[in-house]
There are 2 protein chains.
Amino acid sequence: MTATPTPRVTIKDVAARAGVSKGAVSLAFNRKPGLSEATRERIFRAARELGWAPSPTARTLAGSRVDVVGLAVCRPARLLGLEPFYMEFVSGVESVLVERSCSLLLRLVRGQDEEAGLLESWWRGRQIGGSILVDFRADDPRPAVARRLGLPVVAVGHPSLTGGLTSVWTDDATAVTEAVRYLAALGHRRIARVGGAAALGHTAIRTAAFDGAVRALEPPARAWQVATDFSGDAGARATRSLLTAAPPERPTAIVYDNDIMAVAGLSVAAEMGLRVPDDVSLLAWDDSQLCRLTHPTLSAMSHDVHGFGADVARTLFEVITGEGPGSHPVPTPVLTPRGSTAPPKV
Amino acid sequence: MTATPTPRVTIKDVAARAGVSKGAVSLAFNRKPGLSEATRERIFRAARELGWAPSPTARTLAGSRVDVVGLAVCRPARLLGLEPFYMEFVSGVESVLVERSCSLLLRLVRGQDEEAGLLESWWRGRQIGGSILVDFRADDPRPAVARRLGLPVVAVGHPSLTGGLTSVWTDDATAVTEAVRYLAALGHRRIARVGGAAALGHTAIRTAAFDGAVRALEPPARAWQVATDFSGDAGARATRSLLTAAPPERPTAIVYDNDIMAVAGLSVAAEMGLRVPDDVSLLAWDDSQLCRLTHPTLSAMSHDVHGFGADVARTLFEVITGEGPGSHPVPTPVLTPRGSTAPPKV
DNA sequence: GCGCACTCCTTAACCGGTTCAGAAATCTCC
DNA sequence: GGAGATTTCTGAACCGGTTAAGGAGTGCGC
């Protein structure tokens, strides 16, 4: 790989060929006033002939915007690989970035403190023009950092978690409530939930909502909740422990906080000789294609993760261009019944 | 989000505080000779006190290296979300990048031509210092582009596919052969393979290897091969069509090119009332956690995707620092027998 | 005492753009 | 036809670093 000395073509070459100054070329390419239509056209033609495009690096240095947005994701690598959610989310974000010829700077981190430091160095080094923040926890340091730096960000999470930052969020509480009501309507009176990481803000929201929804049922129902780390293994363990009890002490329906755990739950039921949905109903969250690949297929609270990512990216651009803080709810996940839920037969 | 006018601290501030010139600071931070130990120390102290770090943008513009590597991935968004492989691969790449404070620029593209254009604009715009190339096809335009540009790249794929670029690859042919021999040793004589996208180079390699391996069996065996798009749906369709034949015309073992399709195959078998592994054995590829979550658990050709990503990243750095083309095989996937494979009982 | 090599540091040009003050040319209006 | 306003374009400074050339000071040999 001998580095061919690629003859870099710069703004100067374009200017020379169009017979104007560098400044004129810059004006043309930034669609700023002060150039005749003829000159503008001549400049564009020259640029086209030379195959020139302005260097983002130089642009950034010269003080204009930065065409890169950051995303730091904080989960152990093994889990990330498994969660369909993120890749789909990223692809949604990308779809919007591409339109504005922006790029995504991705980094896996091990905690919010590391992420906070990363945001600071990204921003101070002018590496990013804004950032997407996910996975909020209690006492999250990131809102304070973003505010201190003046870094444009959009937070993915309920406004109660995101410290006043512009946020985009799904109404998890309503979705959980709907799930519980649905199961109750099927006749379930012993309902469990295998939740995500307890430290995560949205897990807390779902936990509370689940609690409230079950409490509101009439006739009253019995409820269980378990926290996990979102991994399939944890989902399997939780399911196993829930289902080992004898029937009257055993849930007849289980709600999972993601689809991986639901898949794991399904296989645990099979391994224990329980029929799904006759002996136990299973309901997943984050409906990915995975839910349609199991047998029986998994009922799920589904939402458009790709579209969600796109919304987040669009909102980030609004923030970057100076819109005030806001809260953008996206459609509540809707229940998609499939083969894993039915009235209890026991 | 009123952008606080963050007072940017630059190399000039550090120089002033240390009582030296900009040049000296630069020398210190690039560990170049020509500074006394005392001065060097004084400069670092000043930088530390001011919380300064050199701006990557300015560094790039000034002609030194670029601390970003590119990765363009070309699959429909829906599939990407599902394939555990990529996220895990990315996390492996990241693990190495972080050590060298590099970042990953990620982009989803729709074809190699789009990717080739992207590489060119990334490189000419000095946005990346090198790139990782995945998913090689016949007549892939990317090697030529990389060579023409002098862009340092590392190709993920067998040397026969990557047009002389430095490549990192798993020995798929051997792995496929091993899979076939294993199934044959269990007693299978009717073996099918649900392959990936036919246009992909490594799919072709596996197809040929499968063919050869089956042909070499003694006593002779019957073989089927189907191409898919890697999606679970396609895997399900392929499985369904393979298993609808009457027993003597039906494979007793199926090998899948990724784990998603194997999961889908498992559920199709269940849906058709076939027992796994008694009626049909299933063998996955790209062993992710998913394979341990099904019931029965999926036997798989497993390899360390995270480590693979790390190897690729390390190799890219070698290329960037000027090593010649090379070929770096990584360990061949090994067979991990689990519950989905057994001697045929029919 | 002088030339010479060596160490340590500074100076200034440069990377490839943006931006703004102001010059040159054209238009407007009386 | 000339003052003033407007349009169009240029020149130079600047962003925050890197780097090559060069200068000041020191030590050494003879």
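Basis for what follows: all heavy atoms, side chains included, without hydrogens, waters or symmetry-related copies. Letters A, B, ... mirror the listed sequences (proteins, then strands); counts begin at 1.
- Summarising the geometry, the separation between CZ on A:Arg126 and P on D:dC14 is reported as 17 Å, rounded to the nearest angstrom.
- Taking 4.5 Å as the limit, some side-chain heavy atom of A:Val96 sits within range of a side-chain heavy atom of A:Phe317.
- A straight line from CD of A:Gln127 to C1' of D:dG17 spans 14 Å, rounded to a whole angstrom.
- Proximity note for A:Leu27 (side chain, C-beta onward) versus D:dG17, D:dT10, C:dC15: the nearest is D:dT10.
- For the pair A:Trp52 and C:dG17, the criterion of a side-chain N or O lying under 4.0 Å from OP1 or OP2 is met.
- Distance, B:Arg124 CZ to C:dG17 C1': 16 Å, rounded to whole Å.
- A donor-acceptor pair under 3.5 Å links the side-chain atoms of A:Arg124 to the main chain of B:Gly51, judged by distance alone.
- Residues A:Trp52 and A:Phe29 have side chains in contact (heavy-atom distance under 4.5 Å, counting atoms from C-beta outward).
- Residue-to-nucleotide proximity on DNA chain D shows that, of B:Ala24 and B:Thr57, the 5′-proximal contact is made by B:Thr57.
- The A:Lys22 side chain lies nearest to C:dG17 when the options are D:dT19, C:dG17, D:dC15.
- Comparing D:dC9, C:dT11, D:dC15 by their nearest atom to the side chain of A:Leu35 picks out D:dC9.
- Residues A:Ala53 and B:Glu37 each lie close to DNA chain C; by heavy-atom proximity, the contact nearer the 5' end of the strand is made by B:Glu37.
- The side chain of A:Ser36 contributes an N or O atom lying less than 4.0 Å from OP1 or OP2 of D:dC9.
- The CZ atom of A:Phe29 sits 10 Å away from the P atom of C:dG17 (whole-angstrom rounding).
- Distance check: B:Asp304 CG to B:Asp311 CG gives 8.5 Å after rounding to the nearest 0.5 Å.
- Neither OP1 nor OP2 of C:dG16 sits under 4.0 Å from any side-chain N or O of A:Ser55.
- Using a 4.0 Å heavy-atom cutoff across all strands shown, A:Thr10 reaches sugar-phosphate atoms only and no base atom.
- Atoms CZ (A:Arg31) and C1' (D:dT8) sit 18 Å apart, rounded to a whole Å.
- Per the geometry, CD1 belonging to B:Ile11 stands 15 Å off P belonging to C:dC9, to the nearest Å.
- For the pair A:Arg59 CZ and C:dT19 P, the interatomic distance rounds to 9 Å; values are reported in whole Å.
- A sub-4.0 Å separation between OP1 or OP2 of D:dG16 and a side-chain N or O of B:Lys12 is absent.
- Comparing B:Ser21 and A:Ser26 by the nucleotide of DNA chain C whose heavy atom lies nearest to each, the residue mapping closer to the 5' end is B:Ser21.
- When distances are taken from the side chain of A:Val20 to each of C:dT18, D:dT10, D:dT19, the shortest belongs to D:dT10.
- Between B:Phe89 and B:Tyr86, the angle of the ring planes goes over 60°, which puts this pair in the perpendicular group of the 30/60° scheme.
- Rounded to whole Å, atom P of C:dC9 lies 9 Å from atom CZ of B:Arg40.
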